[in-house]
Trainee: 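The structure under discussion is supplied below as structure tokens; questions concerning it will follow.
Proteins get letters first, then strands, A, B, ... in listed order; numbering begins at 1 in each.
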Amino acid sequence: MNLNASSLVILDFETTGLSPNMGDRAIEIGAVRLHNGKVVESFQELMNPGFRISSFIAEYTGITNEMLSTAAPCNEVMNRFVDFIADDNLIAHNASFDKRFLDAELERISRTYSSKFACSLLVSRRIYPLAPNHKLATLIDYKRIQSTGGFHRALYDSEMTAQLWLEILTDIEAKIKAENVPFALIEKLSKTAKKDINKLLEKW
DNA sequence: TGCCAGGCCCTCTTTAGGGCCTT
């Protein structure tokens, strides 16, 4: 298990809705691998969920039923993606959402992963309490990260989340004056109450 | 018929409710 932050996979799903328990499926996975603070690899594939997506999702993502009609089925794509993850730890913006879909899709193909998740949304609420809100696009603007505005596609959102994550690491490092931020600290920051954040950073 | 997510976190809390975030 990789417990430091030197190699991470930042991922984002586009899906047919909000809940795999309600029958929703993944329609696109995008991810980048960060190694020593740089993007060294990326993964992006559309996947066919086996049914038509709603007009809301098509408009929200820009992914159409026509595009999905020629895409590989979810099981093929997810098999390739879990190989891509290897044993790197995982980051997502609102990780509980992406984890639910990752777990649900992998359960369908009887694959597992050993990686741990951390959440850029939960950490950003700790590190940037003064941001207008903690939506991905808002945080990208708040941190003045260069963006073309192409949100709601999986690879683009994973790329933007990766850039945000690097900003978060930089800001945490500045607080604790450390060269490397352990993944274990990031996990704790994802789950530590606001009142305890400074104590935790000082302790580390 | 009409509704149907789930996790985290804050607060007017913990015997709960509601907002935020993801598609």
Side-chain angles (χ1 to χ4, degrees), chain A residues 9-32 44-65 67-68 71 74 77-78 81 89-108 115-143 145 147 149-165 167-168 185-201:
Chain A
V9 168
I10 292 82
L11 65 93
D12 183 70
F13 277 104
E14 303 304 319
T15 71
T16 65
L18 292 172
S19 175
N21 288 340
M22 302 292 288
D24 290 317
R25 299 294 303 273
I27 57 174
E28 186 181 42
I29 177 67
V32 296
Q44 185 275 324
E45 285 200 54
L46 291 170
M47 57 189 116
N48 190 332
F51 55 87
R52 292 182 63 81
I53 63 172
S54 69
S55 58
F56 171 80
I57 292 298
E59 190 167 334
Y60 186 82
T61 64
I63 298 168
T64 65
N65 282 295
M67 292 163 68
L68 294 176
C74 296
V77 174
M78 292 309 299
F81 183 63
N89 284 323
L90 304 171
I91 310 289
H93 199 67
N94 199 8
S96 67
F97 174 84
D98 293 280
K99 184 177 188 300
R100 276 201 304 278
F101 277 94
L102 179 63
D103 291 351
E105 292 295 344
L106 293 187
E107 186 176 1
R108 288 172 175 270
S115 318
K116 291 185 175 182
F117 260 97
C119 178
S120 57
L121 166 66
L122 297 181
V123 178
S124 69
R125 281 179 177 159
R126 304 301 184 214
I127 305 298
Y128 310 126
L130 300 181
N133 60 56
H134 297 86
K135 296 177 183 177
L136 178 60
T138 302
L139 290 167
I140 293 301
D141 183 59
Y142 180 71
K143 293 304 295 179
I145 295 168
S147 165
F151 292 100
H152 305 310
R153 285 301 298 270
L155 180 59
Y156 189 82
D157 281 4
S158 69
E159 290 171 337
M160 289 296 98
T161 302
Q163 295 308 309
L164 174 63
W165 189 254
E167 287 288 321
I168 288 171
L185 171 60
I186 302 302
E187 278 195 295
K188 287 188 177 180
L189 287 174
S190 294
K191 296 173 181 173
T192 302
K194 186 176 181 180
K195 60 187 177 185
D196 294 329
I197 182 71
N198 289 328
K199 195 178 299 179
L200 179 62
L201 289 171

Trainee: With sequence neighbours left out, write down each residue that passes side chain to side chain donor-acceptor pair (under 3.5 Å) with A/E45, or none if nothing qualifies.
Mentor: A/R80
Trainee: So, A/T138 versus A/N133: side-chain donor-acceptor pair below 3.5 Å or not?
Mentor: yes
Trainee: What integer number of Å spans the C1' atoms of B/dT14 and B/dC8?
Mentor: 16 Å
Trainee: Which residues satisfy the ring-ring contact (aromatic ring centres under 6.0 Å, His included) test with A/H134, sequence neighbours excluded?
Mentor: none
Trainee: Rounded to whole angstrom, note down the P distance from B/dC12 over to B/dG18.
Mentor: 15 Å
Trainee: Check ring-ring contact (aromatic ring centres under 6.0 Å, His included) between A/Y60 and all other residues, then give those that pass, not counting sequence neighbours.
Mentor: A/F56, A/H152
Trainee: Can you list everything that forms a salt bridge (Lys or Arg N to Asp or Glu O under 4.0 Å) with A/R25? Sequence neighbours excluded, please.
Mentor: A/E105
Trainee: For nucleotides B/dT13 and B/dG19, find the distance between their P atoms and express it as a whole number of Å.
Mentor: 16 Å
Trainee: With the criterion being N/O to N/O and under 3.5 Å, what pairs connect the protein with nucleotides 21-23 of chain B, and how long is each?
Mentor:
residue : atom : partner : partner atom : Å
B/dC21  : OP1  : A/H134  : N            : 2.5
B/dC21  : O2   : A/N94   : ND2          : 2.8
B/dT22  : OP1  : A/L136  : N            : 2.9
B/dT22  : O4'  : A/N94   : ND2          : 2.9
B/dT23  : OP1  : A/D157  : OD2          : 3.4
B/dT23  : OP2  : A/Y60   : OH           : 3.1
B/dT23  : O3'  : A/E14   : OE1          : 2.7
B/dT23  : O3'  : A/T15   : N            : 3.0

Trainee: Determine the interatomic distance between C1' on B/dC4 and the same-named atom on B/dT23; round to the nearest Å.
Mentor: 16 Å
Trainee: Nearest whole Å is fine: how far is B/dC20 C1' from A/L139 CG?
Mentor: 12 Å
Trainee: Determine the interatomic distance between P on B/dG2 and the same-named atom on B/dC21; round to the nearest Å.
Mentor: 32 Å
Trainee: Please enumerate all residues that pass ring-ring contact (aromatic ring centres under 6.0 Å, His included) together with A/F101, with sequence neighbours excluded.
Mentor: A/F97
Trainee: For A/K99 and B/dC8, what is the distance between atoms NZ and P respectively, to the nearest whole Å?
Mentor: 10 Å
